[in-house]
Engineer: 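Before we start, here is the structure in question, set down as C-alpha cells.
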Amino acid sequence: MVRVCIAGGTGQVGRAVVRQALDRGHAVAVLSRNPPLPGARGYYDGAAYFRADVTTGEGVAEALAGADVVIDCLEARTGKALRNYAAGGAVLLGEAAAAGVARAVQLSIANCDQSTLAYYRSKADKERVYARSPLETRTVRTTQFHSLLAGIFAAGSRVGLVPVIKGARFQTIAPADVASALLEAALQPPSGDAHASQTIGGPEVLDMGSLASTWKRITGGRGLVTNLPLPGSTGRFLREGKNLAPGQRYGDTTFEAWLANRQENL
C-alpha cells in the first residue's frame, strides 16, 4: 500500500484520482483549501482531508506527512491565484522534499508552452518549477477535457446559439482517464529519469462542429450551431492543432459516451 497525497483532490480530476486510489487500496490524503464535510458531494470515506493552502504553506506539511508520492491537481484560473500558481507549486515541492516524499506528479496541458493565454503560461511556468525540483517529478500533459466543450456549448445554448470556432479540432478526454494516467505515473517503478513528461489525448480527434452536433443530440440542448472566428494567437493555436496529441491517444471514453453518462461524470 502506498500513501498518496492529492493536492487539489476536491476538483474534477482530483476527485477521480482520490476515488481510483482508494479503489486500489492505497492510503489517501487530500489537500484542499476547502475540504468537504463528511457526506457532502466529493467526500470519499477512507480518505483523510486536510485544510491547506500552497500559496501560504499553511497546513501543507500536515497533509504531506508520511506520503510516498504527491499528485498535484491544483488549478488557478484568474487573479492572484493565477499569478501565484507556479510559486504555489514551489511551496508544495519544498514541503514534499522536507517530508521525504519520493515523487511528485503534476497535471498540465498539451503544448502549454506554445500558447500566449495566461492560464496556459501559468502551467508552463509551473512545469519549469517542477523541472528544477530536487524531487523525482513527472508531468502529465493532457488535451482538453470533455467537460470544457460541454460547458462552452451549454453556455452558448442559453442565449440561443452553440458556438463553434472555425477551423478548430479537439481531442477531448475524460477526467477519469486523466486521473488514471496521473496515478500510473505516480505508482510506476523508478525509471532513472529525475524529471519526465508525457502527453496524453482522448480517443478521437473531431472538429468542433461535430462535437457540437453530438452535444445537442445527446443532451437535447437547443441553439443554432454557429461558426465563429477566433482571431489572434489563440485561434492560430487551435487551427494549427497544437491542442491535439493524435499520436498519444489514451483511454477509450469518447465525448459521446461521456455525455451519455454525464450525471455520473459531473
Side-chain angles (χ1 to χ4, degrees), residues 2-21 26-37 40 42-44 47-109 112-113 117-142 145 175 178-179 181-183 185-186 194-197:
V2 172
R3 183 170 179 85
V4 183
C5 178
I6 302 158
T10 56
Q12 182 176 205
V13 173
R15 293 195 305 270
V17 177
V18 171
R19 183 172 61 250
Q20 292 180 25
H26 299 299
V28 174
V30 177
L31 182 162
S32 173
R33 285 188 299 174
N34 296 293
L37 295 173
Y43 181 93
Y44 292 96
Y49 288 84
F50 295 84
R51 186 178 301 277
D53 187 343
V54 297
T55 62
T56 64
E58 182 181 357
V60 177
E62 291 80 0
L64 288 165
D68 301 294
V69 62
V70 58
I71 300 177
D72 182 355
C73 300
L74 292 166
E75 291 286 352
R77 296 285 179 178
T78 59
K80 184 178 179 181
L82 186 62
R83 292 192 297 273
N84 294 334
Y85 183 64
V91 170
L92 180 66
L93 290 171
E95 293 287 1
V101 174
R103 177 182 292 171
V105 177
Q106 69 164 330
L107 172 62
S108 192
I109 303 174
C112 58
D113 54 341
L117 282 175
Y119 176 62
Y120 279 51
R121 288 202 309 269
S122 74
K123 292 286 189 179
D125 289 343
K126 192 171 183 180
E127 287 187 3
R128 286 186 281 271
V129 169
Y130 267 67
R132 295 192 299 266
S133 173
L135 288 179
E136 179 183 305
T137 69
R138 299 290 180 265
T139 295
V140 178
R141 286 179 158 193
T142 179
F145 301 157
V178 174
L182 289 167
L183 204 51
H195 309 290
S197 178

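The figures here come from the full heavy-atom set of this structure, side chains too, leaving out hydrogens, waters and symmetry mates.
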Engineer: At their closest point, which heavy atom of Leu93 faces which heavy atom of Ser133, and how far apart are they?
Structural biologist: CD1-CB, 3.8 Å
Engineer: What are the two closest heavy atoms between Arg3 and Ala29, and how far apart are they?
Structural biologist: NH2-CB, 3.6 Å
Engineer: So how far is it from Gln20 CD to Tyr44 OH, rounded to the nearest 0.5 Å?
Structural biologist: 9.5 Å
Engineer: Say whether Ser108 and Glu127, considering side chains only, have a donor N or O and an acceptor N or O under 3.5 Å apart.
Structural biologist: yes
Engineer: Walk me through whether Val13 and Glu75 qualify under side-chain contact (heavy atoms from CB on, under 4.5 Å).
Structural biologist: CA-CA 10 Å; Val13 173; Glu75 291 286 352; over 6 Å; no
Engineer: Would you give the length of the straight line joining atom CZ of Arg15 to atom CD1 of Ile6, rounded to the nearest 0.5 angstrom?
Structural biologist: 12.5 Å
Engineer: Hey, what do you get for CZ (Arg33) to CD (Glu58), rounding to the nearest 0.5 Å?
Structural biologist: 11.5 Å
Engineer: Does any pair with a residue in residues 63-73 pass side-chain hydrogen bond (donor to acceptor under 3.5 Å, both in side chains), and if so which ones, sequence neighbours excluded?
Structural biologist: Asp72-Lys126, Asp72-Tyr130
Engineer: Determine the minimum heavy-atom distance between Gly9 and Val30, stating which atoms define it.
Structural biologist: CA-CG1, 3.7 Å
Engineer: Among Val69, Val105, Ile71, which residue meets the side-chain contact (heavy atoms from CB on, under 4.5 Å) test with Arg138?
Structural biologist: Val105
Engineer: When rounded to the nearest 0.5 angstrom, what is the spacing between CG in Leu182 and OG1 in Thr139?
Structural biologist: 10.0 Å
Engineer: Do Val54 and Leu31 come within less than 4.5 Å of each other through their side chains, counting heavy atoms only?
Structural biologist: yes
Engineer: If we ignore hydrogens and angles and just use 3.5 Å, is the side chain of Arg103 paired with the main-chain N or O of Glu136 as donor and acceptor?
Structural biologist: no
Engineer: For a quick test of reading the model, state the closest non-hydrogen atom pair linking Leu74 to Gly8 and the distance between them.
Structural biologist: CD2-N, 3.4 Å
Engineer: Using ring pair (Phe, Tyr, Trp, His ring centres under 6.0 Å) as the criterion, list what pairs up with Tyr43, not counting sequence neighbours.
Structural biologist: Tyr49
Engineer: Give the minimum heavy-atom separation between Ala16 and Pro175, together with the two atoms involved.
Structural biologist: CB-O, 4.3 Å
Engineer: Rounded to the nearest 0.5 Å, what separation is found between the CZ atom of Arg121 and the CD1 atom of Ile109?
Structural biologist: 12.5 Å
Engineer: With rounding to the nearest 0.5 Å, note down the distance linking CD in Gln12 to SG in Cys73.
Structural biologist: 11.0 Å
Engineer: Can you check whether Val60 reaches Leu92 side chain to side chain, under 4.5 Å on heavy atoms?
Structural biologist: yes
Engineer: Examine distances only and state if a side-chain atom of His195 and a backbone atom of Ala131 form a donor-acceptor pair shorter than 3.5 Å.
Structural biologist: yes
Engineer: Under 4.5 Å between any side-chain heavy atoms of Arg141 and Asp113, yes or no?
Structural biologist: yes
Engineer: Please give me the minimum heavy-atom distance between Thr10 and Pro36, naming the atom from each residue.
Structural biologist: CG2-CD, 3.4 Å
Engineer: Got Leu64 and Val70 here, is their nearest side-chain heavy-atom distance under 4.5 Å?
Structural biologist: yes
